[in-house]
Structure formats: structure tokens, C-alpha cells
There are 4 protein chains.
Amino acid sequence: MKLGFIGTGRMGGAMVLRLLAAKHDVGVYNRTPGKLKPLADAGAKILGSIADAARYGDVVYTMLADDSALMSVVFHPGGLLETMPEGRIHICAGTHGIPAIRALKEGHSHKKHALVAAPMMGRPELVTAGTAGVFASGPAAAMAKCKPLFDALGRKTFEGGDDPEAATAMKIANNFVLGCAIEAMGEGFALTRKYGVATSVFYDVMTDGLFNCSAYKVYGKIMVDESYSKVGQMAALGLKDANLALEAGFLASVPLPSGNVWRDRLVGAVAHGDGDKDWAVMALEQARASGLA
Amino acid sequence: MKLGFIGTGRMGGAMVLRLLAAKHDVGVYNRTPGKLKPLADAGAKILGSIADAARYGDVVYTMLADDSALMSVVFHPGGLLETMPEGRIHICAGTHGIPAIRALKEGHSHKKHALVAAPMMGRPELVTAGTAGVFASGPAAAMAKCKPLFDALGRKTFEGGDDPEAATAMKIANNFVLGCAIEAMGEGFALTRKYGVATSVFYDVMTDGLFNCSAYKVYGKIMVDESYSKVGQMAALGLKDANLALEAGFLASVPLPSGNVWRDRLVGAVAHGDGDKDWAVMALEQARASGLA
Amino acid sequence: MKLGFIGTGRMGGAMVLRLLAAKHDVGVYNRTPGKLKPLADAGAKILGSIADAARYGDVVYTMLADDSALMSVVFHPGGLLETMPEGRIHICAGTHGIPAIRALKEGHSHKKHALVAAPMMGRPELVTAGTAGVFASGPAAAMAKCKPLFDALGRKTFEGGDDPEAATAMKIANNFVLGCAIEAMGEGFALTRKYGVATSVFYDVMTDGLFNCSAYKVYGKIMVDESYSKVGQMAALGLKDANLALEAGFLASVPLPSGNVWRDRLVGAVAHGDGDKDWAVMALEQARASGLA
Amino acid sequence: MKLGFIGTGRMGGAMVLRLLAAKHDVGVYNRTPGKLKPLADAGAKILGSIADAARYGDVVYTMLADDSALMSVVFHPGGLLETMPEGRIHICAGTHGIPAIRALKEGHSHKKHALVAAPMMGRPELVTAGTAGVFASGPAAAMAKCKPLFDALGRKTFEGGDDPEAATAMKIANNFVLGCAIEAMGEGFALTRKYGVATSVFYDVMTDGLFNCSAYKVYGKIMVDESYSKVGQMAALGLKDANLALEAGFLASVPLPSGNVWRDRLVGAVAHGDGDKDWAVMALEQARASGLA
């Protein structure tokens, strides 16, 4: 398939390489052109503007860092809304908030564009390895057309139906369940430490038993090692995810009390200067709240 | 080893059978004698009183339903405190609160008994299958002596050091982390449902990815099937566990905000008449709070 | 003093009448002109555009319903930023979020305008009666110049220093303390009801003793009478205030756990269809969560 | 009326003096006799045992520090249960938990004693000044008989019906509403401080307006002055009250999310070594959680 791709940072770059490897014809555009060389080497066509990407193929993929970047790519003069031909599909792949997706739905529908939300599940390394997942939802015809792309990008696609909000909500909720798990682990470690249990022992308890899965192994390990400075996801970005979740809950009238706890812990971590640490630093902030740090 | 065993309900019975299978000499006592027949058939010696159990071997194991049963077995006239000879070991295996363990520590130390806390990790079926775990802590010499028993009971022992409170805290904290995970899942399901995502799809998202472990698979499945009436652990008992956790937090000055959320959800479930459902009914209570049920 | 006034809804209208009564020369502009007649009768000059209001006097006051109305009055073509002469003062009086005030600070500083935030404390009736208060903060020289206006509007001005965010934060925090008080009352009523105490009796307990003040009397009375349909402040607008508070907390790295509880209760009320009731309906939602309603 | 009075600490002593001033005949018993002299001087008869107090008049009043003291006065050998004649009334005046009152109800009913719960509202100084209140509930005939005593003790009696749990719940819930107000104030101060507002200004905002009542004035003042070392109610005792409230909520199936926040803040204060400060120190703990202290 022929498609434009906007936003070739670490995640976007990994996605483009997967798409090229699956023999798709990908025209790429990035605001800062520096990152495009390896993609060109792998066969991507370098494009000079959003408009060029919008018109390159039947589909234009965006993989942007946040809502603000997305809004500007879509709504600014020369943006997708203005330049995408009727009938084309916009696949929106970043982690965005429900209000942003709603704004896109409305904008694209006026222009007779289809909108598919398709955030990735997993870090760029997993995309490269072919073990990432894809959350996807949007109008059935558009979804069917996009399927080969999703198949190229991940080992599995989780389909949420015909509303782009569904995939967005899945991505947000998956982060939410993870954030709450990290918080609960932090609380469990603080509690057991006060009763003299070594963190490595309680780590074994959790991961050997009920919680023998990557969420607990990866983040529990960081807590045991106190290796918060080796950052996967920054606390400040985790807080952005928490805000997205609570906003999604607000908009759908869903109280999320565990989400409040998650968010408050990250707010506290930032207040104590740990916003640029890995978000597992929630455990350190919990220790602090318990008089342990 | 020769040991007395008090409390042969479902869990205690499974434990005794494992100990007998490992060629230990077990004298059993239960307040209501009806359940003892299969144990006698397997080689257990039936005893007539707590005192007989207290004196049967070097060790007396208790596996009792709650703190109140434990207090009466230990402190009442004719109880362990009165009847256990000096130098013997009491292994306390149920899920008990920190205050109960503290009372036992003090009582036994006056009588020169050793106290080891050794709650089980896993349901009776797992004990029978040999795949359960053992949390254990207590004075080093006593722990060393008890090791063959733990080896007979589970596939792995998680040792928490020389204070019996440590193993108690591990058991409580493991339940805590589980309760919080169930609550967070319930919130995640409510959120995604409002955005049109089928529960089976969000179940796949969680268990295929970061949460590919029994805590999420077992309880997430109950939520998808809404099979709350097929009860593993009752909500009302889950609430007892939540209370134990918050009490342990209070005593050690550890705020447990996720624990509050867990507890409140179960309080709400009980308020709405679901106390005798499986504690995964927290998801139904969350749905109710979201206007979904 | 000569001043322009933009936004003459119920609150704005009451304010203009107070200013006129204090012999200030007020030019008024409202997007929908219908409400201006009584103000003209009282001596206000009717203006035809935002630009006219911006240039009418040394000061332009805005009293707008929400951030979106404020943003458009300030930033749209023909708005205050474009049309206010250098050196003039914008007094911003509505309940706005910290991000909106930050945007105004930045915009006005580029244009050499002074920004004073001066939200009102109290309903329009109190303004009319002269018993309202004024929260105010901004650059000292501008504050000094605005003092006669504040004196005309309320019985007391609470000055927060030279940053317009301070008055905004006071307004938000005062609503926050109120929302939390309403929530706590609702919880107290649910608790005592379950123990057989009539709501009128617990109302007396609170308001006769420690809580002999309008926050508890006004909202407690609504709870006792269950007169949630006679609406002072709508639950949905209370939720807006809760969101402003949590956003302000997030931006300043202040965890607000009581605020989470307040917000979640209102989210639940909206989920159960009570968004258009008085926000004291939080007590009904709490009763519902307790199996009482 | 002739009555026995057990427990003459600061509160009990103040109560006895009020009763004597109203011409009641009061026989007093205290475990440690030292405090009885001023009461004898005022006309009280000194008694030598619980039994003497139990038989002194138609009524025996207890004003004890906690549940454990109450349990021992009532249930121990020689206690009220054993020594009160049939048909007499036990008025229980301390701040006790619901389970303690339930135990008393059951115990006394077996002995054909009436139980009235009548905790005081207000500190000992208020009792002395005659401005305290009385929460009271119990069987109607007993309540009628006790009325002159309540009239002597306080300016107003809040009657909760015929179940002694009702007055207990009112006392607990009144403390609860207070604790939540203190917590919310602490959060409001932390929020406004971060935006540059002096604590004295936000204190004025609250107490001049919606919160012009002693709860906010007394505790807000302590926060402004940071005079946490001048202790009215210790944080550790506030935590006891929080535990009583959450226990009462649990027993009646009432989730109390604001109560959780209150309790956690006190747990944190204790964790940071402030358990012996005034419980307004919750504001300091909130400041700490916000990176302000």
C-alpha cells in the first residue's frame, strides 16, 4: 500500500521501517528533517510538507508526541484537514486524549476523510522486534483497508469497533491499569519494608506467584534496584498519561479512584524533584510519604 | 518430624495430607471432629484436645480461620500458652492481623516458646498440587527446624527474617497488591466500556500484554463472564483482608491510598448486597458507581 | 473612574450596577445585547464592540462565563489584545483556570497591558447587597488604581500580591474548601443515617457547634430537605470547579486528595443523571454509594 | 438525682463539678485517686470501688479515655456488669467505637440494665463554661430519666433516638466532619501558598466568608501560626478518631472516602514524627507532600 507518514521520532521511525520491510510504499515527513536519512536508506520517500504526505497515498499515518503537535499537523493552515483529498484515511497513532480525537473526528467528517485511531502497544524496541501490538478502531471499511498495515506493525491487533475513541480509550486504560499496578507495588514494598522484609524477597513473592508478568517484573525490578535514574518512561510523562485517563473518565462519567491515587503519587514525585526519573519512582515517593526515604 | 496440627478445614486438611505424604508424623486436632476421617485414613493420629496437639511433637501448627479462633486456641484455658512445653515451636499458618501476631509473640516469649509465622500462598487446590508457596519468618533456629515442613507444603518458601510479623506482612501485602489489581481492572473495564470497547477485547489487551499473569487472567475472566456467583474468595472476606492491610499500614505508619480505594469498593459492594459474591464483584460495584449497572 | 465592562450576565450586570451607583462611568458591551437595557437605564453607556470597551477608559473589566469565552474576547481578531491601548489595565473577574490566566499574562505583557485578576466571592445577590468580597492580585500600580472599583463592588478585598495567578488560586481554593465540606457533610449524613440518626438532628449537631457558618448551613439544609432540584450551583458546574482545582494542583505540584474525592462524587452524580441538580446532590450520590438511595 | 461517676480525668472532673453545681448527689470513683480532692471539696462523695459507684444511685456515668478502659470497667470481675443492680442505667460518655457500644448493649441487656450513650460535644473548658453540648441516645424511659443530668452538663442535648449507637455515631461523625475540614484547609493552604498567597490572607478568605465558624477559625489559626506544638488534640488521638469513623463506616457499609484522606494524612504525620503535635499538623504534612516543608 502507498501511504504518507508524518512524525518519525523513535516510535515513528521504528514503525516506518516495519512498513517498508512489509513492502509498503512509504512517503515520510518530519518537521525536523535530520531523522529521515536511515528511513530513506531503507526505501522511504522523503517528502517536503504535510500536504505532500497527505496526498502521497490512500492513507496518512501520524505518530506525534502529543495533542498539541497533532492539533497543529491537522488543523493549521496547510494541515491535513486542508490538504487531504476526500475519501482518504487518517490513521492516528500516538497517545492522545479523548478531546483531541473528538476534534479530529469532527474536523475530518466535514471533509469526508475517515479517521482511524491506532495507537501502538509497546515501546519502539518491541515494534522493531515485531512483538508490539496495535489498538485500532474506526469505520469498518477504513479498518479493513488498514489491516495490512497493522499486520506489518505488530503481532496482534486489538480491534475496538467503529469509533476512533475506542482504541484511544484502550490505550489510555492500559496505561492506567499499569500505573495503578506500579503504585500498588510501591505501597506493598513500603508496607513490607516496615515489617523488615527485604525488597528482593517481596519482589520474588509477587513475581513468582500471582504477578508473574512483565508489568510487575520490569517495574518491581527497578524498585528493588532503586535504578530510577535509568529512565524508560519519565514520571512527568506518566503524569501526562494519568491526566489523560482522568480526563477520559470525566468525559465518560467514570470515577477512577485508583487513578487519582496514581496521579497524586506522580504529582508528589514531581513536587519532590523526581519528574525526570523513571515513573517507577512512584515507589520512592510512597516510601517518602511513609517516612522511609 | 513429629508435629501437632490444629485446624483441619479445607486448607488445614490439604496441608496435613502434604505433610503425611512427606512422611511426617502428624497428630491432628479440630474443634469439630467430622473432618478428621480422611486424615486418619491417610495416617494422621487423631487427638482429643489442644493440649494433646501442643505436646504431640516439637512443633504445633495452627491453621485457623481468623484472629478470634487463633486467640482462643492460644490464650484460652487449656490453650497453647498453657499447655505447650518450653522450647517448642508454634507455627502459625492462617491469614492473621499484625496485632494478633504481636499478642502471640508476647505470650509465647513469656513461656519460652518460639513463634514462626508461616501463612500459605495459594488456595487449598494448589497446596494439594504442590504448587503453593509458603511465607515464613521467625527466629533463625526455629526456622531451620521447620524448613522440612515448609518444603513438604509448597514448591517455594519466601523467608522474611527473624520476626514473625514479616511473613504476616508479606501475606497481607500480597493480598493487598492483588486487591488493588482487581480494583484497577474494574476501573479499566468501566472506562473502556463507556467508550464502546467489549470487555473481552480489553481483557485480551491486558492479559496478552503487560498483565499476562494469573491475577489478571483469573479475575479479569470473572469480570468478562460476570460470573460473580461462582465464588472463589467472598467479597466480605476480601474486605477482611483489606482491613488487615490498612491496620498493618496504620500500625507501621504507612499510608496506603490504593488500599483505601480497594476497601471502599468492597464496602460499597457489601452495601449493595454483594458481600457473598466473589470479590471480583468489585468490578460490578465500579460499574454501578459509573452508572453502568 | 471611566471603564469598559464586557460580559453583563447575572453577575456582570450586578457588578455594573454597583459601579454605576459608586459614580463610575461604565461603558458596557455584551455579545447578546438583550441584557443591556436595565444597565443603560441606570446610566451605563452601551458600546457596540469589544474594541469600544477596550478603549472606553483606563480599565476594561471582563466577567465571562468560562475560559473559552475569555479566550475569544481576549485573543480573537478585534479582541482585547489587539485593541487595548498600551498601558491600560484588564481586570479579569470570572472564575478561570490557571492556564487561561497564564495565557493572558503572556499575551498582555507583549502588548504592555497590565493584567489584574479579580474574581468575586459570593453570588450576584450578595454583590447587589454589597456584601460580596473581591479576590484581587496583579502588579502593584495597577492594583492601586483599581482599588476604588473593588471598594465599590464588595465589602472587602482579599489581596494576593502582584501575580494575577494568586487571586485566581484563592477563588479556586475557596471553592475547593467548600466542595470538600459539602462532600464531608454528605458522608457524615450517610454514616449517621445508617445508625438511625435523623438528618435534621445531625444538621443541628454540625451547625449549632463547630460548623455554625453559611457553608454548612446552606448546603446542610439542602441535604436535610433533599431540595436538590432548587438549584443554586449546578453539579455539572461544581465539577468544572473541581477540575479547575485539580488542574491548579497539578500545575503547582500539589496533590489534593480531598479534591479527588470531591470530583469523583460529582462525576458519579453526573453518571447517575444528577448533573443539573444543585451540587449538594453530592450527598445523594454518597447515599447511593452507601446503598441508601 | 443520686448517681455514681467513674472516670474523673479532665473531662470527667469538669462534668462532675457541673452536676454538683446543679445539686445532684454524685459519688465518684477513679482508678487513681489523686484527682478526686477538688471534687470532694465541691461536695462529691469519694467511693472506693467500681461496685460502690455502680450501686450509689439510679445511674452510673462513665467517662473513660478509650475502649480498653471502658471494657475493663464494665466487663472485668467486679465491673459494672457484675455489680450494677437490675433496672439501673449506665450512661456512657466517652468517645467510644461502635463495637464497644455493641458489646455493652449486649452485656447490659442480659443483666436488665439500660444503656444510654451520651458523649460530650466540646472540650472540658466548654463543659465548665456551660457551653458544651451532649449527644444522647438510648431507651426512651432511661433517656427521660437522664434528661436533668444532660441539662446540667450542657446547653443543648442532641437526641438520636432509642439506640445507644446513634449518639456514638453522631460523636464520631462530628469528629469526622471536623477532621475532613482540617484536611481540606491544609490542602487549600498548600495550593494557595504555591501561587504566592500568604497564609494569613487565605485564612481571612475562608473565615470571613463561607467558613466563619470555630472549626475553621481555630484550626486555620494554628496553621497560619504554625503553632502545632501547642497541643489541643494530639495527631495520634485524631488518628484514633479517624479509625473509629472508618470502623463505623465499615460496620454500617458506608464508604467514607474523605475519611480515608483524613486518616492517611494523620498516618503520614505520625510517620514523620508529628504524632504528638496538634492534629492541625495535617496541614504541615500536606505541605510536606507538596514539597513545601
Side-chain angles (χ1 to χ4, degrees), chain A residues 98 121-122 133 135 137 156 158-161 163 165-166 168-170 172-174 176-178 180-181 183-185 187-188 190-192 194-198 201-202 204-206 208-216 245 248-249 252-261 264-265 289-291, chain B residues 98 121-122 133 135 137 156 158-161 163 165-166 168-170 172-174 176-178 180-181 183-185 187-188 190-192 194-198 201-202 204-206 208-216 245 248-249 252-261 264-265 289-291:
Chain A
I98 297 291
M121 177 201 246
F135 302 103
S137 65
K156 186 161 180 180
F158 301 92
E159 301 196 7
D163 188 333
E165 294 179 25
T168 307
M170 280 197 278
I172 288 172
N174 196 47
F176 164 88
V177 174
L178 176 57
C180 295
E183 167 62 19
M185 257 191 289
E187 296 182 24
L191 182 61
T192 48
K194 286 261 186 138
Y195 286 98
V197 180
V201 172
F202 191 61
D204 285 347
V205 165
M206 289 192 289
D208 184 89
L210 292 162
F211 310 104
N212 182 6
C213 57
S214 58
Y216 291 80
S253 298
V254 179
L256 295 171
S258 298
N260 292 331
V261 173
D264 264 3
R265 191 64 74 206
S290 312
Chain B
I98 297 292
M121 177 202 245
F135 302 103
S137 65
K156 186 160 179 179
F158 302 92
E159 301 196 9
D163 187 333
E165 294 180 25
T168 308
M170 280 196 279
I172 288 172
N174 196 47
F176 164 88
V177 175
L178 177 57
C180 295
E183 167 62 18
M185 257 190 290
E187 296 183 24
L191 183 61
T192 48
K194 286 261 186 136
Y195 286 98
V197 180
V201 171
F202 191 60
D204 284 347
V205 165
M206 289 191 289
D208 183 89
L210 292 162
F211 311 103
N212 182 7
C213 57
S214 58
Y216 292 80
S253 297
V254 179
L256 295 171
S258 298
N260 292 331
V261 173
D264 264 4
R265 192 63 74 206
S290 312

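Every chain is numbered from 1, with letters handed out A, B, ... down the list of sequences.
- Between chain B and the residues Thr192(A), Asn260(A), Ile172(A), Asp163(A), the largest count of heavy-atom pairs under 4.5 Å involves Thr192(A).
- Considering only heavy-atom pairs separated by less than 4.5 Å from chain A, the leading option among Ser253(B), Ala190(B), Gly122(B), Ala181(B) is Ser253(B).
- Remark: Ser137(A) engages Ala166(A), Ala167(A) in a side-chain contact (heavy atoms from CB on, under 4.5 Å) (not counting sequence neighbours).
- Among Gly161(A), Ala198(A), Gly209(A), Ala173(A), the residue making the largest number of heavy-atom pairs under 4.5 Å with chain B is Ala173(A).
- A donor-acceptor pair is defined here as one N or O able to donate and one able to accept, closer than 3.5 Å; no such pair exists between the side chain of Tyr216(B) and the backbone of Cys213(A).
- Only the side chain of Val261(A) comes within contact range of chain B, with heavy atoms under 4.5 Å apart.
- Shortest non-hydrogen contact noted between Lys194(B) and Val254(A) is CG-CG2, 3.5 Å.
- Aromatic ring orientation, Phe158(B) versus Phe135(B): tilted (interplanar angle from 30° to 60°).
- The choice from Gly188(A), Gly160(A), Pro257(A), Gly196(A) that makes the most heavy-atom pairs within less than 4.5 Å of chain B is Pro257(A).
- Residue contact with chain B, scored on non-hydrogen atoms closer than 4.5 Å, involves the backbone and the side chain of Asp208(A) alike.
- Most heavy-atom pairs under 4.5 Å with chain B: of the set Val201(A), Asn212(A), Val177(A), this distinction falls to Val177(A).
- In this structure, the separation between CE on Met185(A) and CZ on Phe202(A) is 10.0 Å, given to the nearest 0.5 Å.
- Using a 4.5 Å cut-off between heavy atoms, Phe176(A) contacts chain B through its side chain alone, with no backbone atom that close.
- Among residues two or more places apart in sequence or in another chain, the salt bridge (charged side-chain N to carboxylate O under 4.0 Å, His left out) test is passed with Glu187(A) by none.
- Proximity to chain B (any heavy atom under 4.5 Å) is restricted, for Met121(A), to the side chain, taken from C-beta onward.
- The minimum heavy-atom distance linking Arg265(B) with Glu183(B) is given by the pair CG-OE1, 3.0 Å.
- Proximity to chain B involves both the backbone and the side chain of Asn174(A), based on heavy atoms less than 4.5 angstrom apart.
- Heavy atoms only, all atoms of each residue included: Ala248(A) and Tyr195(B) are closest at O-OH, 2.8 Å.
- Per-residue heavy-atom pair counts under 4.5 Å with chain B were compared for Gly133(A), Pro255(A), Ala169(A), Gly249(A), and the maximum is reached by Pro255(A).
- When each of Val197(A), Asp264(A), Thr168(A), Leu256(A) is scored by its heavy-atom pairs under 4.5 Å with chain B, the top score falls to Leu256(A).
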